[in-house]
Amino acid sequence: MDMIDEFRRRGLLADATEHAPAALNAGQVTGYIGFDPTASSLHVGSLVPIMGLVHLQRAGHCPIALVGGGTGLIGDPSGKAQERLLLDRARAEENAEGIRKQLAAFLDFDSRTNPARMANNLEWLGELGFVDFLRDIGKHFSVNAMLRKESVRRRLADEESGISFTEFSYQLLQSYDFWELNRRYGCTLQMGGSDQWGNITAGIDLVRRLGGPRCHGIVFPLLTASGGAKFGKTEEGTVWLDPDRTSPYRFYQFWLNAEDADVIRYLRLFTLLGEPDLAALEHAVAESPHRRDAQRRLAAEVTRTVHGTDGLERAERASRVLFGGSLEGLGAADIEEIFADVPSTGLARSALDGPGIELAVLMADAGMAASRSEARRLIRGGGVYLNGSRATDTGVRVGAAHPLHERFLVVRVGKKRYFLVELD
RNA sequence: GGUGGGGUACCGAAGCGGCCAAACGGGGCAGACUGUAAAUCUGCUGGCAGACGCCUACGUAGGUUCGAAUCCUACCCCCACCA
């Protein structure tokens with residue numbers, strides 16, 4: 001199978017070095033992508049490079065996921081307008097460990113022929129002596145060339161933020177990673193987002209200067225939603241792969257809400273569905289868009305990969321109940337399970353005594369609205385539902401008669417945002 | 001260093017003594033329509049009360065005035081031109 005063609009067909013290819021296609025067709029190649037451990041979890045924006053490694057492995061090559069435990073200590077200036085905050089060493093290692101686990105859901109580490117591999121550049125960067133580094137690596141870099149890099153130029157032009165020596169050196173370290181991976185594992189390919197092009201080619205040059213083999217680079221396009229919005233952000237913030245940060249239910253909902261204009265493109269990028277399936281789904285979007293078949297498939301595929309069959313089933317079940325039928329007839333156990341992934345708060349039972357508590361106050365206290373005023377605005381606008389029925393005026397109070405099964409209050413804001421209040 | 005222009009809510013941008021919690025546009029949220037889509041239309045978009053009202057907010061700190069985003073002084077920052 002021609003991997004470059006596969007990339008191109010799926011919209012994963014922004015650019016590649018001249019000899020990359022030939023090298024990939026000539027035999028097994030080991031390639032890597034670096035993941036930046038600024039946070040302890042990857043988010044959906046990282047899925048493009050992850051899928052890059054998945055396709056690499058499926059084509060019979062060996063993928064390496066490099067977790068930047070060392071470079072995370074430094075910070076890449078690419079695409080950043082300001083000097084980054086530095087991570088301390090313990091945090092960087094902790095984050096690297098979290099990312100390692102998430103990647104394991106996508107890649108096969110036990111293959112006999114072409115297993116995936118994890119690497120952490122802290123292994124070599126941590127040991128690196130400054131003088132040795134300058135002598136062996138630094139001498140191969142021309143400051144003139146480094147200064148010409150777009151990412152560096154932009155920061156130099158901005159008198160305000162400038163660029164520190166530390167960040168300026170980032171491209172040396174990333175290049176050095178490539179060299180180390182080549183030495184240790186015979187890695188001859190680096191992939192990454194298109195903003196990484198400069199760093200990747202610098203690495204290729206370094207390996208060549210140090211007497212290594214010809215290496216190659218492939219970069220992915222930057223991903224946007226069709227509205228021009230940032231991909232992977234919702235009102236709730238970043239969509240993470242970590243179920244403790246973004247529940248499987250919300251993760252599933254994120255994909256289900258993909259626009260018609262984006263959904264086929266996303267299916268191509270984020271799932272392994274083949275052309276016949278894609279064509280059928282594209283047809284479904286055109287013919288009967290209200291069924292959302294493509295969105296459902298997208299959500300199911302990605303959620304299953306990241307959160308497993310269990311996570312997917314819970315998310316689908318919760319979605320059916322929350323957007324399908326009514327809350328009536330649900331047992332206490334059902335409610336508990338369905339809302340397990342939905343934001344929830346506790347409330348003292350005594351708050352409902354006597355006249356009860358004003359709904360707006362409850363909402364603000366539970367974090368459903370930023371303030372009481374905002375909660376009242378939402379109610380006035382008709383956007384708040386208590387146990388499935390619309391709150392009609394701002395004076396609504398919640399009393400002892402409201403709780404379902406004497407334990408639960410279900411508050412909904414807008415069409416999609418649910419909150420569960422459990423009485424203690 | 002000099003001269004001129006400017007710093008207004010999430011962003012852009014009006015206002016230039018009271019009618020300013022601040023026009024307008026964007027963004028965001030909610031409603032209607034739909035398909036948990038897009039487009040469109042409507043409403044809302046500082047806080048506490050929600051009846052009046054009170055508090056905080058137009059770079060920072062003072063001042064003038066019954067009253068300041070608006071006038072004065074100092075300071076900080078940005079931009080343009082000159083050196």
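To find a chain, count down the sequence lines: A is the first, B the second, and so on, and within it residues start at 1.
At a threshold of 4.0 Å, the pair A:Asp310-A:Arg304 does not count as salt-bridged, since none of the basic side-chain nitrogens sits closer than that to a carboxylate oxygen.
A straight line from CZ of A:Arg265 to C1' of B:A38 spans 14 Å, rounded to a whole angstrom. Put simply, CD on A:Glu374 is 10 Å from C1' on B:A30, counting in whole angstrom units. Atom P of nucleotide B:G50 and atom CG of A:Leu359 are separated by 14 Å, given to the nearest angstrom.
Residue pairs meeting the side-chain hydrogen bond (donor to acceptor under 3.5 Å, both in side chains) criterion with at least one partner in residues 359-381 of chain A, sequence neighbours excluded, are A:Glu358-A:Arg376. Among residues at least two apart or in separate chains, there is no side-chain hydrogen bond (donor to acceptor under 3.5 Å, both in side chains) pair with a member in residues 138-147 of chain A. A salt bridge (charged side-chain N to carboxylate O under 4.0 Å, His left out) check over residues 341-352 of chain A, counting only residues at least two apart or in different chains, returns the pairs A:Arg314-A:Asp341. Sequence neighbours left out, the pairs with a member in residues 271-280 of chain A that pass salt bridge (charged side-chain N to carboxylate O under 4.0 Å, His left out) are A:Arg268-A:Glu275. Screening residues 287-298 of chain A for salt bridge (charged side-chain N to carboxylate O under 4.0 Å, His left out) gives A:Arg291-A:Asp293, A:Arg297-A:Glu301 as the qualifying pairs, with residues at least two apart or on separate chains.
In this pair, A:Phe7 and A:Phe220 present their aromatic rings tilted. The plane angle is within the 30 to 60° band.
To the nearest whole angstrom, the two P atoms, one in B:G46 and one in B:C11, are 14 Å apart. To the nearest whole angstrom, the two C1' atoms, one in B:C58 and one in B:G53, are 23 Å apart. Comparing the same atom, P, in B:G6 and in B:C16 gives a spacing of 13 Å after rounding to whole Å. Comparing B:C10 with B:G27, their C1' atoms sit 7 Å apart, to the nearest whole Å. Taking the C1' atom of each, B:U60 and B:G43 are spaced 37 Å apart, rounded to whole Å. Taking atom P on both B:A61 and B:C48, the two are 24 Å apart, rounded to the nearest angstrom. Atom name C1', nucleotides B:C71 and B:G18: the rounded distance is 14 Å, in whole Å. Nucleotides B:C55 and B:G4 have their C1' atoms positioned 39 Å apart, rounded to a whole Å.
Side-chain contact between A:Ile218 and A:Ile4 is present, with at least one heavy-atom pair separated by less than 4.5 Å. Between A:Pro221 and A:Ser194, every side-chain heavy-atom pair lies at or beyond the 4.5 Å cut-off. Side-chain contact between A:Leu173 and A:Phe133: present, with at least one pair of heavy atoms (C-beta onward) separated by less than 4.5 Å.
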Do nucleotides 20-27 of chain B as a string where each nucleotide becomes B, S or -: B if the base has a protein heavy atom under 4.0 Å, S if just the sugar-phosphate does, - if no protein is that close. --------
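A:Glu313 pairs by the salt bridge (charged side-chain N to carboxylate O under 4.0 Å, His left out) definition with nothing, not counting sequence neighbours. Not counting sequence neighbours, the partners of A:Glu336 by the salt bridge (charged side-chain N to carboxylate O under 4.0 Å, His left out) test are A:Arg407.
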Canonical and wobble pairing (Watson-Crick, G-U, under 3.5 Å) of RNA chain B, dot-bracket with |: ((((((((.[[[..)..(.....]]]((((((.......))))))(((....)))...[[[[[..)....]]]]]))))))).
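At a threshold of 4.0 angstrom between heavy atoms, the contacts of A:Ser371 are confined to the sugar-phosphate backbone, with no base atom among them. Among the atoms of the strands shown, none is found under 4.0 Å from any heavy atom of A:Arg412.
In plain terms, the two heavy atoms of A:Leu241 and A:Ser41 that are nearest each other are N-OG, 3.6 Å.
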Table of protein N/O atoms under 3.5 Å from nucleotides 39-45 of chain B N/O atoms:
unit_1	atom_1	unit_2	atom_2	d
B:C44	O2'	A:Arg377	NE	3.4

Pairwise N/O distances under 3.5 Å, protein to nucleotides 33-37 of chain B:
unit_1	atom_1	unit_2	atom_2	d
B:U34	O4	A:Lys415	NZ	3.3
B:G35	O6	A:Asp260	OD2	3.2
B:G35	N1	A:Asp260	OD1	3.3
B:G35	N1	A:Asp260	OD2	2.6
B:G35	N2	A:Asp260	OD1	2.6
B:G35	N2	A:Arg292	NH1	3.2
B:G35	N3	A:Arg292	NH1	3.4
B:U36	O2'	A:Asn257	OD1	2.7
B:U36	O2'	A:Arg292	NH2	3.3
B:U36	O2	A:Gln253	OE1	2.8
B:U36	O2	A:Asn257	OD1	3.4
B:U36	N3	A:Gln253	OE1	3.0
B:U36	N3	A:Gln253	NE2	3.2
B:U36	O4	A:Gln253	NE2	3.3
B:A37	O4'	A:Arg292	NH1	3.2
B:A37	N3	A:Asp260	OD2	3.4

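Aromatic ring centroids of A:Trp255 and A:Phe270 lie under 6.0 Å apart. Separation of the A:Phe339 and A:Phe419 ring centroids does not fall under the 6.0 Å cut-off.
For residues 299-318 of chain A, proximity to RNA chain B is found at no residue, defined as any non-hydrogen atom under 4.0 angstrom from a strand atom.
Looking only at distances, no side-chain donor or acceptor of A:Arg412 sits under 3.5 Å from a matching main-chain atom of A:Arg417. In this structure a side-chain-to-backbone donor-acceptor pair under 3.5 Å is missing from A:Asn199 to A:Gln174.
Across the interface with RNA chain B, nearest-nucleotide mapping of A:Arg372 and A:Gly414 shows A:Gly414 to be the residue nearer the 5′ end.
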